[in-house]
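Some notes on the structure that comes next.
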Amino acid sequence: MNIEQVLTSKVKEAVKDLYEVELPSVEFQPTRKDFEGDITVVIFPMLRFVKGNPEKIGEAIGAHLLKVVADVAQFNVIKGFLNIIISNSYYLEAFAEISSTENYGIRREKEKGAVMVEYSSPNTNKPLHLGHIRNNLLGYSVAEILKASGKKVYKTQIINDRGIHICKSMLAWKLFGDGETPTSSGLKGDKLVGNYYVAFDKAYKKEVGQLISEGRTREEAEQQAPLLQEAQEMLRQWEAGEPEVVSLWKTMNAWVYQGFKETYFNLGVDFDQLYYESNTYLLGKDVVEDGLKSGVFFRKDDGSVWIDLTDEGLDEKIVLRSDGTAVYITQDIGTAIQRVRDFPDINGMVYTVGNEQDYHFKVLFLILKKLGYSWASHLYHLSYGMVDLPSGKMKSREGTVVDADDLIAEMTQTAASISRELGKLDDYSEEEKEALYKIIGLGALKYYILKVDPKKRILFDPEESVDFQGNTGPFIQYTYARIQSILRKATEIVDLKINNNKQNISLHAKEKELIKLLLAFPDTISLAAAQYSPALIANYTYDLVKEFNSFYQQVSILGEEDEQTKTFRVLLSAKVAEVIKTGFSLLGIQVPERM
RNA sequence: GGCCUCAUAGUUCAACGGAUAGAAUAGAAGUUUCCUAAACUUUAGAUCCAAGUUCGAUUCUUGGUGAGGCUACCA
């Protein structure tokens, strides 16, 4: 039982004794820095049940606690706040327990059921850009956080590998490609295919312009442009299984997948299971047919199939075109159901997709619920804000994107130049240095993106590079490296066994703060999981590191003369380092031994 | 038009309805005979506007203002 639970019951007891009232709950908060105390009981909410002056009530409760709870050392009351000072021995004991816990903060016992986390989900006609980076980092991190909070997690993505847009790059390659391949051009496969997607758009716009100058309206021109009609024909051939088209489709997709694989590897994300839209859209169509029979959907005169969501405050939504072909949401229905078939223990799913699709997911979840799937009430759209550039939205077709591979390389470069300037690693080999630069560069990028609340949009200015100082990834990595340095030296000096005779240690204020922060780690993970927010982990880690650096500056660890105190400080530092490492691993960020 | 998000120091981010709104960065001023100065210490600087609910509002409600998004037989 932790101290808060003890205090809750004792406060309730006090109120019952003093005022003969049962309190439903007691409100705590960490005592603010400007006041003396460790934990604060807020008296105000009690005023609804107990009439009287909050200060007097606080005094009375405080006196009671002092008497009955051994770990309450002192208290003071300011306005309606009862500040409690907890004894050092409580914190020393709490630390002893934390210190001996392996993988502190990670929940061991697994909950029943599993969650599938979908993220990335790219189109196969354009390379990944900064927007995908945010998506990947968020999805990966939320998956790791859910795991740490005791859930079984499957990471997945849906690969958008069919449709007219894919045919556009295929067509452009056929017309202008002259047999170019990744090998012949030296380009990454996704980059190569992306180029043809852009080439299509360019040629198409030219045709449209031509038609307009010949007297067509823009609308007519856009529909009648020969290139578009050819692409549409290609899509029909693909759906009909025309071998030549299918073979080209396979070849070009394979190029893209190889390119994505490299980017994912560099980014440090992975997947347990992949889904391809080309495999699931047919199931979606079947499900719609079934739902039509059971009355969930209805058919309009022209043959198109709809669902009426006006009761839910939404509109009617089409689920099947009049020609019987699938729309976007059809395949999403199919994919969701396929996933539960493949992994029957799934009882929830998280979709990491930008906030422009808020409406789409609202509709999707409602449809699945109406179709009667029990897991449909545990679906969550992890919606995040767009990453915009000062010039506006990123558009692949117009080439105004910050490419993922380029950005990663650039961050690594920056890390390298800062590191060289500091020159602390002269005895590292070139490979070791390169690996380190990557850890630091990626750390800066990932932290920069993940520390922001997912809902907020990010304005990314490529001119102003991502910081390496202050509230940044490298700042936290640096602290970790510093502690490792201490630990390397400490193993020769101190015997790393915690002494039972803890009472002899006097606890420095900074040490107490550090222990309090360590105690908050498991709850932080739970909260981050409940809110699907890596930002909470990032903020927590930052607070911990900030506090440690301050401690490091004020207190000598290895220079301490008292053996017990020295041992305690080394162990405390080691645990702080471990929590930094764990916290950062939940963000998908590595920590270096030196930097 | 309808619906959905967001709005906090010059800038980038925090704050279960709680105390004097925290950090970082940019600015000013300091700290290396001592465990890594990518660090630490000090300093100045902000809740879009208006009403309401509350003992108490950055947080909840309503109405404005501003930014972005959705409202396709595109994905």
Side-chain angles (χ1 to χ4, degrees), chain A residues 27-29 31-35 40 42-45 47-48 54 78-81 83 121 123 160 162-166 277 300 302-306 313-315 317-329 331-332 354-360 362 383 385-386 388 392-393 415 418-419 421-422 424 440 444 448 451-453 455-459 461 464 466-479 481-490 493 527 531 535-536 538-539 542-543 545-546 548-560 569-570 573 594-595:
Chain A
E27 194 176 323
F28 292 100
Q29 58 182 281
T31 306
R32 287 182 65 118
K33 287 251 157 51
D34 335 307
F35 300 95
T40 295
V42 190
I43 303 297
F44 293 113
L47 296 179
R48 283 171 53 202
I78 295 165
K79 293 192 214 167
F81 299 92
N83 301 322
S121 304
N123 276 340
N160 201 317
R162 62 170 278 278
I164 186 79
H165 51 290
I166 309 291
E277 192 187 317
K300 288 196 175 175
D302 62 7
S304 56
V305 179
W306 297 72
L314 304 175
D315 290 328
K317 179 83 184 175
I318 189 159
V319 292
L320 218 52
R321 292 192 188 101
S322 51
D323 64 3
T325 55
V327 293
Y328 177 41
I329 205 158
Q331 64 90 7
D332 266 351
N355 63 8
E356 55 195 352
Q357 296 195 35
D358 285 357
Y359 185 75
H360 171 80
K362 225 188 246 179
S383 163
M386 297 286 103
D388 291 330
K393 225 182 149 169
I418 292 174
S419 191
E421 220 170 279
L422 294 172
K424 294 180 191 172
I440 298 171
Y448 174 81
K451 75 169 182 189
V452 183
D453 184 301
K455 264 194 305 205
K456 297 202 175 171
R457 62 174 224 160
I458 292 182
L459 190 70
D461 189 347
E464 285 178 40
V466 173
D467 278 335
F468 283 68
Q469 260 151 25
N471 185 357
T472 66
F475 169 82
I476 292 165
Q477 291 172 322
Y478 173 71
T479 305
R482 238 183 181 183
I483 296 175
Q484 294 314 303
S485 171
I486 291 177
L487 296 180
R488 281 192 292 271
K489 290 175 183 159
I493 309 173
L527 196 64
Q531 301 186 357
L536 295 180
N539 290 341
Y542 176 69
D543 288 341
V545 162
K546 188 93 182 124
F548 183 84
N549 281 339
S550 181
F551 161 72
Y552 179 89
Q553 198 75 21
Q554 285 185 28
V555 178
S556 178
I557 298 167
L558 297 179
E560 170 61 38
R569 287 181 184 162
V570 170
S573 304
R594 286 175 53 184
M595 69 186 274

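Order of the sequence lines sets the chain letters (A, B, ...), proteins ahead of strands, with each chain counted from 1. Computed over heavy atoms, backbone and side chain alike; hydrogens, waters and symmetry mates excluded.
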Rounded interatomic separation in angstrom, taking CD from A:Gln29 and P from B:A21: 14 Å
Short side-chain N/O contact to B:U20 OP1/OP2 from A:Lys33, under 4.0 Å: no
Touch class at under 4.0 angstrom, heavy-atom based, for A:Gln331 against every strand present: nothing
Sugar-phosphate only, base, or nothing, as touched by A:Asn160 at under 4.0 Å among non-hydrogen atoms: sugar-phosphate
Sugar-phosphate only, base, or nothing, as touched by A:Val555 at under 4.0 Å among non-hydrogen atoms: base
Integer-rounded Å distance: B:G22 C1' and A:Asp543 CG: 9 Å
So which protein nitrogen or oxygen atoms get under 3.5 Å of nucleotides 2-7 of chain B's nitrogens or oxygens?
| from | atom 1 | to | atom 2 | distance (Å) |
| --- | --- | --- | --- | --- |
| B:C6 | OP1 | A:Lys455 | NZ | 3.0 |
| B:A7 | OP1 | A:Lys456 | NZ | 3.1 |

Atom-pair distance (CD1 on A:Ile78; P on B:A19), nearest Å: 13 Å
Residue pair A:Ile440 / A:Phe468, side-chain heavy-atom distance below 4.5 Å: yes
Touch class at under 4.0 angstrom, heavy-atom based, for A:Ser550 against every strand present: sugar-phosphate
A:Leu314 vs A:Tyr359 side-chain heavy atoms within contact, under 4.5 Å: yes
Gap in Å between the two P atoms, one belonging to B:C4 and one to B:A9, rounded: 26 Å
A:Asn549 backbone acceptor or donor facing A:Arg482 side chain under 3.5 Å: no
Residue A:Ser556, side-chain atoms from C-beta onward, closest of B:U71, B:C40, B:C35: B:C35
Sugar-phosphate, base or nothing in reach of A:Asp461, heavy atoms under 4.0 Å: nothing
Side chains of A:Phe28 and A:Thr40 in contact at under 4.5 Å (non-hydrogen atoms): no
Sugar-phosphate, base or nothing in reach of A:Leu527, heavy atoms under 4.0 Å: nothing
Distance-only donor-acceptor test, A:Thr479 side-chain atoms vs B:A38 base atoms, 3.5 Å: no
A:Tyr552 aromatic ring stacked with six-membered ring of B:A39, 5.5 Å and 30°: no
Under 4.0 angstrom between A:Tyr478 side-chain N/O and B:A38 OP1 or OP2: yes
Main-chain N/O of A:Ser556 paired to A:Arg569 side chain as donor or acceptor, under 3.5 Å: yes
Closest nucleotide among B:A14, B:A75, B:A38 to the A:Pro474 side chain: B:A38
A:Asn123 vs A:Leu47, nearer the 5' end of RNA chain B by closest nucleotide: A:Leu47
Complement of B:C70, any strand, by Watson-Crick or G-U distances under 3.5 angstrom: B:G2
Whole-Å distance separating the CZ atom of A:Phe551 from the C1' atom of B:C35: 11 Å
Opposite nucleotide pairing with B:A75, Watson-Crick or G-U, both atom distances under 3.5 Å: none
Distance-only polar pair, side chains of A:Asn355 and A:Arg457, donor-acceptor under 3.5 Å: no
P atoms of B:G22 and B:U61, separation to the nearest Å: 25 Å
Under 3.5 Å donor-acceptor pair, A:Asp388 side-chain atoms to B:A67 base atoms: no
Between A:Phe475 and A:Tyr478, ring centroids under 6.0 Å: no
Separation between the P atoms of B:U47 and B:U71, rounded to whole Å: 37 Å
Touch class at under 4.0 angstrom, heavy-atom based, for A:Ala535 against every strand present: nothing
B:C48 pairs with, by Watson-Crick or G-U criteria that keep both distances under 3.5 Å: B:G64
Give me, pair by pair, the N or O atoms of the protein and of nucleotides 23-27 of chain B that are less than 3.5 Å apart, along with how far apart they are.
| from | atom 1 | to | atom 2 | distance (Å) |
| --- | --- | --- | --- | --- |
| B:A23 | O2' | A:Tyr542 | OH | 2.6 |
| B:A24 | OP1 | A:Lys546 | NZ | 3.0 |
| B:A24 | O2' | A:Asn471 | N | 3.2 |

Distance in Å, A:Thr325 OG1 paired with A:Leu320 CG, rounded so as to fall on 0.5 Å steps: 7.0 Å
Sugar-phosphate, base or nothing in reach of A:Ser383, heavy atoms under 4.0 Å: nothing
Nearest-angstrom distance from the residue atom CZ of A:Phe35 to P of B:A19: 9 Å
Where the chi angle of B:U32 falls, syn if within 90° of 0 and anti if not: syn
Integer-rounded Å distance: B:A37 P and A:Arg594 CZ: 14 Å
Counter-base of B:U58, judged by Watson-Crick or G-U geometry with both distances under 3.5 Å: none
Assigned partner base of B:C40, Watson-Crick or wobble definition, under 3.5 Å: B:G30
Separation between the P atoms of B:C40 and B:U5, rounded to whole Å: 38 Å
Check: A:Arg321 side chain, A:Ala326 main-chain N or O, donor-acceptor pair, under 3.5 Å: yes
Pairwise C1' distance for B:C60 and B:C13, with rounding to whole Å: 24 Å
Between B:A39 (P) and A:Ile486 (CD1): distance, integer Å: 16 Å
Sugar-phosphate, base or nothing in reach of A:Tyr359, heavy atoms under 4.0 Å: sugar-phosphate
Atom pair distance, as rounded to whole Å: CD in A:Gln357 and P in B:U71: 9 Å
First encountered from the 5' end of RNA chain B, between A:Met595 and A:Thr31: A:Thr31
Selection from B:A19, B:U71, B:C55 that lies nearest to any side-chain heavy atom of A:Arg32: B:A19
C1' spacing across the pair B:U12 / B:G45, given as an integer number of angstrom: 15 Å
Between A:Thr472 and A:Asp467, a side-chain donor and acceptor under 3.5 Å: no
Sugar-phosphate, base or nothing in reach of A:Lys79, heavy atoms under 4.0 Å: sugar-phosphate
Nucleotide nearest A:Arg321 when distance is taken to its side chain, options B:A75, B:A14, B:A19: B:A75
Whole-Å P distance, B:C3 and B:U62: 11 Å
pi-stack flag for A:Phe468 and B:A38, centroid dist under 5.5 Å, interplanar under 30°: no
Touch class at under 4.0 angstrom, heavy-atom based, for A:Ser419 against every strand present: base
Touch class at under 4.0 angstrom, heavy-atom based, for A:Asp453 against every strand present: sugar-phosphate
Touch class at under 4.0 angstrom, heavy-atom based, for A:Pro45 against every strand present: base
Rounded C1' spacing from B:A24 to B:A44 in Å: 15 Å
Salt-bridge present (A:Lys455, A:Asp453; N to O < 4.0 Å): no
Base paired to B:U11 (Watson-Crick or G-U; both N/O distances under 3.5 angstrom): B:A24
